[in-house]
Amino acid sequence: MDAATASRTRANELSILKARVAEGDPDATARQHAKGKLTARERLGLLFDEGTFTETEPLRRHRATGFGLEDKRPHTDGVVTGWGLVEGRQVFAYAHDFRIFGGALGEAHAAKIHKLMDLAERAGAPLVGLCDGAGARIQEGVTALAGYGGIFTRNVRNSGVIPQISVVLGPCAGGAAYSPALTDFVFMVRGTSQMFITGPDVVRAVTGEDISQEALGGAEAHSRLSGVAAFAYEDEESCLEEVRHLLSHLPSNNRESPPEVPTADPPGRRTERLLDLVPTDPQQTYDMRAVIEEIVDDGDFFEIHEYWATNIVCALARLDGQVVGLVANQPASLAGVLDIDASGKAARFVQTCDAFNIPLVTLVDVPGFLPGVDQEHGGIIRHGAKLLYAYCNATVPRIQLILRKAYGGAYIVMDSHAIGTDLSLAWPVNEIAVMGAEAAAGVIFRREIAAAEDPVAARDQLVKEYKATLMHPYYAAERGLVDDVIDPADTRARLIDGLAMLRRKHVRLPSRKHGNQPQ
């Protein structure tokens, strides 16, 4: 056999081997599908633009011996790694293959992920982890645990450098759950995704509580109660489509700006509908999402943590084609007050936007922080300080818009001029004060009210005087705390104009190793 023939033969053998590896065990594939789950390669096919995925180390095998592993050395070692294009931009991804060792992580498995993470860092491109694994491979002992340590180290090193997204599509238990918690966004699928440190059996043995895997760590638990998951979807197809949508709002790395998308929505479009959407009475409720829809390009926005801490809305959208991060009090939930969860949710979002060069627009309609023993003992002070810290630390362009009320410390925390917003605007119905007029009058004039012949009438008159003196719409503007009072119909145009002015903003921070943000 001549050299050319031998080379062709070897190439054919390699093609056959790789095809066999890609196909996997048909019975294992059938079992995966029976659970309502896709295979690792099917998931990667949905994530990436068709035909663009390049696999790395498809022939990797573990070298462990003992406990039966020497007779089971499948190629890939239970994880598929590589890169491809998402809407034409480079993205790296790894996908646990549950058909092999239940997706459990061993030394070779971890080494493949480490190498891919290092490539993503050097290439300056987003990293997506498709998680569906049974945790550390018990047969490999401490080397498997060390593999997780290498992943965690790289998660932290790349935090704020490249976008990191975790998509939980099956079990993710024990130490495996910490990597998603270290990434920027976590996606889950209802009915098939679970995340927990200790499973139901351990919980039952230790505490006596009887709970299912889904109730303990399913998508509903983490998207509504714990806040671990930012997104929850009904099936893997829609979940992965939304991962692609999120990536379209993010830059490839912290040295770039988010992708700009041309829009036919005029930048000067009047937002007359806002006059009907937002009642002038500060006690009346409305849905802040409708306000956002009216302001942003084509009414399209992508909400983060939609089901958790619903008294504040965090969303990515575009204004004149440019990506912006929106933080908005939600009067339709708890009257829009700030509490422990809302503060943490918004703080994390502000930090993420700042890390990836996404300008911030803050829509304010807040009556204050939520009072109560549970809030105080739960640490509302330190949690509220997280949001304060995040805004004070942010160097991206920042615009505050006060729609109606902004009372007390919550006014300061919602990106006021005092903590560094670049531009503060307000509608003509704005009320900015230490507290509501009724409460303020009750404190300041309590003796006069108590001594009056008609305390109710006296109180009403003093409330009017307080409002006229300290809470009229131009009080803050007269003192430079608001840059302009604007017609609500001009909101979109004024926000776009302000962001255009701030596009080349540059801030020089003091030299330091890192800040020490509130815990």
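- Crowding of Gln284 atom CD: a count of heavy atoms from other residues, nucleotides or ligands under 6.0 Å exceeding 12.
- Between Asp265 and Arg318 there is no salt bridge, since no side-chain nitrogen of the basic residue lies less than 4.0 Å from a carboxylate oxygen of the acidic one.
- Judged by distance alone, the side chain of His305 and the main-chain N or O of Lys345 form no donor-acceptor pair under 3.5 Å.
- A donor and an acceptor atom, one from each side chain of Thr29 and Arg99, are located under 3.5 Å apart.
- Here the CD-CD distance, from Glu236 to Glu42, works out to 9.0 Å after rounding to the nearest 0.5 Å.
- Of the possible polar contacts, one joining the Arg43 side chain to the Leu38 backbone as a donor-acceptor pair under 3.5 Å is found.
- In this structure, Arg190 is positioned above the aromatic face of Tyr307, its NZ or CZ under 6.0 Å from the six-membered ring centre and within 45° of the axis.
- The ring pair (Phe, Tyr, Trp, His ring centres under 6.0 Å) test applied to His109 returns His96, not counting sequence neighbours.
- Side-chain contact annotation: Asp132 with Gln32, donor-acceptor N/O pair under 3.5 Å present.
- Looking at Lys112 and Glu57, no side-chain N of the basic residue comes within less than 4.0 Å of a carboxylate O on the acidic one, giving no salt bridge.
- Between the side chain of Asp422 and the backbone N or O of Arg398 there is at least one donor-acceptor pair closer than 3.5 Å.
- Classification of Lys405 and Asp281 as a salt-bridged pair fails, no side-chain N sitting under 4.0 Å from a carboxylate O.
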